[in-house]
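Working notes, structure below.
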Amino acid sequence: MRLLLVEDDQDLSRQMKTILEDGGYAVDASFDGEDGHFLGETESYDAIILDLGLPVMDGLSVLRKWRSKGIVTPVLILTARDEWSEKVAGLDAGADDYVTKPFKVEEVLARVRALIRRSVGKASPELACGPVTLNTNNSRVSVNGSPVKLTAQEYKLLSYMMHHPEKVISRTELTEHIYDQDFDRDSNTIEVFVTRIRKKLGVNILKTIRGMGYQLMDAEELEVKEG
């Protein structure tokens with residue numbers, strides 16, 4: 001999962017970026033509204049964290065521009081303390097949720113997880129495919145209740161697949177959602193990650209669609225495979 005963080009306080013931005021990355025996300029950071037608007041319009045994100053008090057272009061203007069162009073990425077806005085009018089304006093402009101400063105970054109992380117789940121029609125923090133369970137709250141993966149250790153990139157790939165169970169996902173799309181913009185992206189490594197995930201899980205829940213990408217197995221397919 002890949003996030004855009006638009007926050008002009010660079011100390012706060014670095015702190016948030018570290019915690020979000022520790023939570024299993026690839027994070028792009030922007031420090032002004034103009035740059036943030038450009039990234040949100042041209043890059044693929046699973047959620048955006050947007051401060052409203054930004055230089056160059058304020059957060060409300062950024063949000064309105066995104067929504068006017070049909071960008072439906074979930075947006076969590078950061079608002080000033082007790083400024084209820086900012087919250088209302090942000091929600092009316094198309095924000096999905098808000099957090100009031102000062103805040104605990106862990107709360108932001110929890111709200112982001114919830115936003116992403118809701119955006120793909122998931123209510124529970126636990127995602128399951130046959131015997132495989134992925135808990136988005138603690139980034140733990142298990143098979144039949146036994147924990148499985150994945151690398152950060154393997155976890156991101158599996159998480160993205162399990163958030164989109166019916167979708168055929170190309171290697172390019174997976175690359176866009178598990179790496180930030182500064183990473184030297186190589187879609188050829190996706191096949192390596194998929195192979196490792198299959199081996200570590202001991203059950204093949206990732207189906208190769210020739211010439212198109214990958215898709216999560218459904219329950220009936222898994223039963224046939226395992227049988």
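For the residue pair Ser139 and Gly23, the shortest heavy atom distance occurs at OG-O, 3.5 Å. Minimum interatomic distance between Leu78 and Asp51 (heavy atoms only, all atoms of both residues): O-OD1, 3.2 Å. Residues Ile48 and Gly40 approach most closely at CD1-CA, 4.5 Å, considering heavy atoms. Between Leu54 and Asp8, the closest heavy-atom pair is CD2-N, 3.9 Å. Between Arg64 and Ala93, the shortest heavy-atom distance links the atoms CG-CB, 3.8 Å. Considering every non-hydrogen atom in both Asp35 and Ser30, the closest pair reads OD2-OG, 2.7 Å.
Counting heavy atoms from C-beta outward, Ile190 and Ile178 have side chains that approach closer than 4.5 Å. The shortest distance between side-chain heavy atoms of Leu5 and Asp28 does not fall below 4.5 Å. Inter-residue side-chain proximity for Gln215 and Ile169 is flagged as unmet; no heavy-atom pair is nearer than 4.5 Å. Using a 4.5 Å heavy-atom threshold, the side chains of Trp66 and Val72 count as separate. Counting only heavy atoms from C-beta outward, the side chains of Leu39 and Leu4 approach each other to under 4.5 Å. Contact annotation: the side chain of Met16 approaches that of Phe103 to within less than 4.5 Å [non-hydrogen atoms, C-beta and beyond]. Ile209 has its side chain out of reach of Tyr214: every pair of non-hydrogen atoms, C-beta onward, lies at least 4.5 Å apart. At a threshold of 4.5 Å between non-hydrogen side-chain atoms, the residues Arg117 and Pro125 count as touching.
A donor-acceptor pair under 3.5 Å links the side-chain atoms of Arg67 to the main chain of Gly94, judged by distance alone. With hydrogens and angles ignored, the 3.5 Å screen pairs no side-chain donor or acceptor of Glu21 with any backbone N or O of Ala26. Distance alone, capped at 3.5 Å, places no donor-acceptor pair between the Ser142 side chain and the Pro147 backbone. With Ser159 contributing its side chain and Lys156 its backbone, the two residues share no donor-acceptor pair below 3.5 Å. Panel note: side chain Asp58, backbone Ser61; a donor-acceptor pair is recorded below 3.5 Å. For the pair His37 (side chain) and Gly33 (backbone), a donor-acceptor distance under 3.5 Å is absent. For Arg140 (side chain) and Leu134 (main-chain N/O), no donor-acceptor pair under 3.5 Å exists by modelled atom type.
Between Lys167 and Glu173, at least one side-chain nitrogen of the basic residue sits less than 4.0 Å from a carboxylate oxygen of the acidic one, meeting the salt-bridge criterion. Under 4.0 Å is where a charged nitrogen must lie from a carboxylate oxygen, and between Asp46 and Arg2 no such pair does. Under 4.0 Å is where a charged nitrogen must lie from a carboxylate oxygen, and between Asp9 and Lys17 no such pair does. One finds a salt bridge joining Lys69 and Glu41 here, because a Lys/Arg side-chain nitrogen approaches an Asp/Glu carboxylate oxygen to under 4.0 Å. Between Lys101 and Glu7 there is a salt bridge, since at least one side-chain N of the basic residue sits less than 4.0 Å from a carboxylate O of the acidic one.
The number of heavy-atom neighbours closer than 6.0 Å to CD of Glu106, taken from other residues, nucleotides and ligands shown, is above 12. Within a 6.0 Å sphere centred on CD of Glu107, other residues, nucleotides and ligands contribute more than 12 heavy atoms.
Taking Asn137 as the reference, Arg113 meet the side-chain hydrogen bond (donor to acceptor under 3.5 Å, both in side chains) condition, with sequence neighbours excluded. Residues satisfying the salt bridge (charged side-chain N to carboxylate O under 4.0 Å, His left out) test with Lys122, not counting sequence neighbours, are none. Scored by the side-chain hydrogen bond (donor to acceptor under 3.5 Å, both in side chains) test, Ser119 finds no partners at all (sequence neighbours excluded). When the side-chain hydrogen bond (donor to acceptor under 3.5 Å, both in side chains) test is applied to Tyr25, no partner is found at least two apart in sequence or on another chain.
One finds the CD atom of Glu34 at 9.5 Å from the NZ atom of Lys65 (value rounded to the nearest 0.5 Å). For the atom pair CG of Leu127 and NE2 of His164, the computed distance is 10.5 Å after rounding to the nearest 0.5 Å. A distance of 9.5 Å separates CG in Leu109 from CG in Asp22, rounded to the nearest 0.5 Å. Atom CG of Leu76 sits about 8.5 Å away from atom CG of Asp96, to the nearest 0.5 Å.
Checked by atom type, the side-chain pair Glu86/Tyr98 shows no donor-acceptor distance below 3.5 Å.
Counting side-chain heavy-atom gaps under 4.5 Å among Ile, Leu, Val, Met, Phe, Trp and Tyr, Val120 is found in no cluster with other residues.
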Run Tyr179 and Thr189 through side-chain contact (heavy atoms from CB on, under 4.5 Å) and show every step you take. CA-CA 12 Å; Tyr179 296 122; Thr189 61; 3.1 Å; yes
Thr151 and Tyr155: side-chain contact (heavy atoms from CB on, under 4.5 Å), yes or no, with the steps? CA-CA 6 Å; Thr151 66; Tyr155 173 82; over 6 Å; no
Verify side-chain contact (heavy atoms from CB on, under 4.5 Å) between Val112 and Ile49, making sure each step is shown before the conclusion. CA-CA 8 Å; Val112 166; Ile49 303 169; 3.8 Å; yes
Test side-chain contact (heavy atoms from CB on, under 4.5 Å) on Val62 and Val6; report intermediate values, then the result. CA-CA 10 Å; Val62 172; Val6 192; over 6 Å; no
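Criterion: ILVMFWY side-chain heavy atoms under 4.5 Å apart, direct or through other members. Under it, Met162 and Leu157 are part of a common hydrophobic cluster. Cluster annotation: Val27 is not connected to Tyr45 through the hydrophobic network of ILVMFWY side chains, with a link wherever side-chain heavy atoms come within less than 4.5 Å. Linking Ile, Leu, Val, Met, Phe, Trp and Tyr whenever their side-chain heavy atoms come within less than 4.5 Å puts Leu150 and Val203 in one cluster. No path of Ile, Leu, Val, Met, Phe, Trp and Tyr side chains, each step under 4.5 Å between heavy atoms, connects Phe31 with Leu20, placing them in separate hydrophobic clusters. Each of Val75 and Leu3 belongs to its own hydrophobic cluster when Ile, Leu, Val, Met, Phe, Trp and Tyr are linked at side-chain heavy-atom distances under 4.5 angstrom.
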Please tabulate, for side-chain N and O atoms in residues 194-202, each donor-acceptor pair with protein atoms closer than 3.5 Å (sequence neighbours left out).
from	atom 1	to	atom 2	distance (Å)
Thr195	OG1	Glu191	O	3.0
Arg198	NE	Asn204	OD1	2.9
Arg198	NE	Leu206	O	3.1
Arg198	NH2	Leu206	O	2.6
Arg198	NH2	Thr208	OG1	2.8
Lys200	NZ	Glu154	OE1	2.8

